[in-house]
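Accompanying notes for the structure given below.
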There are 2 protein chains.
Amino acid sequence: MSKPMALDALTTIDKETPALTLADKALQAIQTSIIKGELAPGSKINEQMLAQRYGISRGPTREALLTLERRRLIVRVPHVGARVAQLSIDELNDLYRLRSVLEGMACELAAQHITPTALIQLRRLMDSQEEALAQGDTYFQQDGDVDFHYRIIRASGSRHLQETLIGNLYHLLRMYRYQCTSEARPTKAIAEHRCIVEAIADGDGELASLLMRRHIEQGRRNTEKRLKALQEE
Amino acid sequence: MSKPMALDALTTIDKETPALTLADKALQAIQTSIIKGELAPGSKINEQMLAQRYGISRGPTREALLTLERRRLIVRVPHVGARVAQLSIDELNDLYRLRSVLEGMACELAAQHITPTALIQLRRLMDSQEEALAQGDTYFQQDGDVDFHYRIIRASGSRHLQETLIGNLYHLLRMYRYQCTSEARPTKAIAEHRCIVEAIADGDGELASLLMRRHIEQGRRNTEKRLKALQEE
DNA sequence: CAGCCATAGATTGTTGACAATTTTATCTGT
DNA sequence: ACAGATAAAATTGTCAACAATCTATGGCTG
């Protein structure tokens, strides 16, 4: 999942694997382009151009756009067209406020429901991240963090919480994070992750939730600062 | 919005008003059929049949189904097809747990952000509902309740909270509520609504949130009981 | 008779063309 | 030169046919 990958693989469609539908592949490709900013925020999206770019027809392309609309990565207006979502400080704060509440909830549920296996895997992830950090490997930083949060959310055992966070909110979040990326504060962040995991392991949902909300607040400040700098140019 | 309406108007498409797209109208029609149970939970959905039923082609129909999938009213499997979502006690509880947290959050935000105008309208809604209740008019009960919750959520001023609750969660919720409808407990419910509104008016988000979460828990119990009865037949 | 394979039917996925609408460019009059 | 109306171009919405995939039926083999 978070393996190294030729960048082209993310923005190109291979027509070979027929397990997935063309619409799914187009979705992946377009979404990645948007999150990375290759399709600039606010820029217009042309269905035909996109379809041509990926060598498919407009049908699957439209389906992909529909999904991107639900993920708030684009804004569609009937009979007019679609634009890539704009980034704004207000929305960033709104997004993080909701995220904070939901991931806090995820922690409380995870503290009650997590399985021994999931806990072991979570700890193993911590170890490997600390190791990677010690070796100065900053490449997987971003993905590693996302991985951590995903696992906690899944450990909550709540299908709807999962769908809401991972299926809806996180796509837009990743866009903000990718485009307003700082070199982060990996040492601190990973230490905080470790604390949260241990609180969950202790079954102390209240503490885990508190720590998670603070951890996320740190991330918000970081991203907000970057976005402000970006917008003042 | 919550006006009386010929039932047919909900399940039929008029091709006249070209402001909306066919996909939108199909979405409305199919969604209503599902929520009402005219399309039974678990039953298979045939694209061609649906398209024919509404006199449109499969294109817009597919788009509608895509949206219904995101709203969790149907489950789609690539190359296989779509089925109407099944109702289960576990999911009901999961759904309400999330709803409870989110609407609690909405109350806290509303207590801080609500505008005088919105507050006036909210109180007016309470008045009209109490009046309708006094006259024994039980017809708008369900819609009235939904109206109340929508207004609080909108008063929160959080776009993402709004989208998550109204745009995603509430559709499925309405399905549960419609199909597991009890004669409700209108007197109590409306009294509870009134208390929540006053807490918000006082700027006491903490109290409003608490009251709301309890109010929702009552609703959950009610629906759960009905669903259990329904499933034991 | 049970279980597996092959074929036929039905359903979904995809395509390219057409219709409806919006956007852009052009023209006219003041 | 500018504002508004008109026509042309571009873009989205819709359709019907075709291709790919799944499901069901029937026959075959053990």
Side-chain angles (χ1 to χ4, degrees), chain A residues 12-31 33-34 39-86, chain B residues 12-31 33-34 39-86:
Chain A
T12 289
I13 300 179
D14 62 308
K15 279 205 176 184
E16 273 64 39
T17 42
L20 291 176
T21 166
L22 284 187
D24 286 330
K25 297 186 209 164
L27 171 62
Q28 284 301 339
I30 301 171
Q31 171 163 312
S33 292
I34 290 177
L39 288 171
S43 63
K44 185 133 199 322
I45 287 178
N46 187 309
E47 289 183 3
Q48 191 159 309
M49 191 199 71
L50 267 183
Q52 216 164 322
R53 168 130 161 47
Y54 297 121
I56 62 180
S57 82
R58 272 180 57 219
T61 307
R62 272 176 75 84
E63 289 193 13
L65 291 183
L66 268 248
T67 303
L68 288 172
E69 180 186 31
R70 112 180 164 200
R71 295 182 179 175
R72 321 235 168 284
L73 294 177
I74 69 174
V75 178
R76 258 165 45 100
V77 179
H79 294 285
V80 173
R83 306 192 90 89
V84 179
Q86 297 263 199
Chain B
T12 289
I13 300 178
D14 60 308
K15 276 206 176 182
E16 273 65 39
T17 42
L20 291 176
T21 168
L22 286 186
D24 286 330
K25 297 186 208 165
L27 171 62
Q28 284 302 338
I30 301 171
Q31 171 163 312
S33 292
I34 290 178
L39 288 171
S43 63
K44 186 135 199 317
I45 288 179
N46 187 311
E47 289 182 3
Q48 191 158 310
M49 192 199 71
L50 267 183
Q52 215 165 323
R53 169 128 160 51
Y54 297 123
I56 62 180
S57 82
R58 274 181 55 218
T61 307
R62 272 177 75 84
E63 289 193 13
L65 292 183
L66 244 349
T67 303
L68 288 172
E69 180 186 30
R70 113 183 163 198
R71 295 181 179 175
R72 322 236 161 282
L73 293 177
I74 68 174
V75 177
R76 259 167 44 101
V77 179
H79 295 284
V80 173
R83 307 192 88 90
V84 178
Q86 296 263 200

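Here is how names work: the chains are called A, B, and so on, in the same order as the sequence lines, proteins then strands, and each is numbered from 1.
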- Query: So which of residues 42-51 of chain B are in contact with DNA chain C, with a heavy-atom cut-off of under 4.0 Å?
  - Reply: B:Lys44, B:Ile45, B:Asn46, B:Glu47
- Send over the distance from B:Gln52 CD to C:dT11 C1', rounded to a whole Å. 14 Å
Pairwise N/O distances under 3.5 Å, protein to nucleotides 5-8 of chain C:
none

- Gap between atoms CG and C1', on A:Leu66 and D:dT12 respectively (whole Å): 13 Å
- Query: Between D:dT14, C:dT23, C:dT14, which nucleotide gets closest to the side-chain atoms of B:Pro60?
  - Reply: D:dT14
- Item | Euclidean distance, atom CZ of residue B:Arg83 to atom C1' of D:dC22 [Å, nearest integer] | 13 Å
- Test log, rule side-chain contact (heavy atoms from CB on, under 4.5 Å), inputs A:Arg71 and A:Leu27: CA-CA 11 Å; A:Arg71 295 182 179 175; A:Leu27 171 62; 3.9 Å; yes
- For the student: nearest non-hydrogen atoms of A:Ala23 and A:Ala64, plus distance: O-CB, 3.9 Å
- Note on the structure: Among C:dT14, D:dT14, D:dT23, the one nearest any side-chain atom of A:Thr21 is C:dT14
- Query: Under the salt bridge (Lys or Arg N to Asp or Glu O under 4.0 Å) test, which residues partner B:Arg72, sequence neighbours left out?
  - Reply: A:Glu163
- Item | Worked check of side-chain contact (heavy atoms from CB on, under 4.5 Å) between A:Arg76 and A:Leu66 | CA-CA 8 Å; A:Arg76 258 165 45 100; A:Leu66 268 248; 3.4 Å; yes
- Tell me what A:Gly59 touches on the nucleic acid: a base, only sugar-phosphate, or nothing, going by heavy atoms under 4.0 Å. base
- Query: Roughly, in whole Å, what's the span from CD1 in A:Ile56 to C1' in D:dA20?
  - Reply: 16 Å
- Quick one: side chain to side chain contact (heavy atoms under 4.5 Å, CB included) partners of A:Gln52, sequence neighbours excluded? A:Gln48
- Note on the structure: Separation of C:dT11 atom P from B:Leu65 atom CG, nearest Å, is 15 Å
- What residues, two or more places apart in sequence or in another chain, satisfy side chain to side chain contact (heavy atoms under 4.5 Å, CB included) together with B:Ser43? B:Ala40, B:Val84
- Considering just the side-chain nitrogens and oxygens of A:Arg62, establish if one lies under 4.0 Å of OP1 or OP2 belonging to D:dG13. yes
- Note on the structure: A:Leu20 atom CG is separated from C:dT12 atom P, nearest whole Å, by 19 Å
- Item | Length of the line joining B:Glu69:CD and C:dT12:C1', which is rounded to integer Å | 14 Å
- Query: If we only count heavy atoms from C-beta on, is the B:Ile30 to B:Tyr54 side-chain gap below 4.5 Å?
  - Reply: yes
- With sequence neighbours excluded, residues passing salt bridge (Lys or Arg N to Asp or Glu O under 4.0 Å) with B:Glu63: A:Arg62
- Query: Where is the tightest heavy-atom contact between A:Thr61 and A:Glu47, given as atom of each residue plus distance?
  - Reply: CG2-O, 3.9 Å
- Expressed in angstrom and rounded to an integer, what is the separation of B:Ile74 atom CD1 from C:dT11 atom P? 16 Å
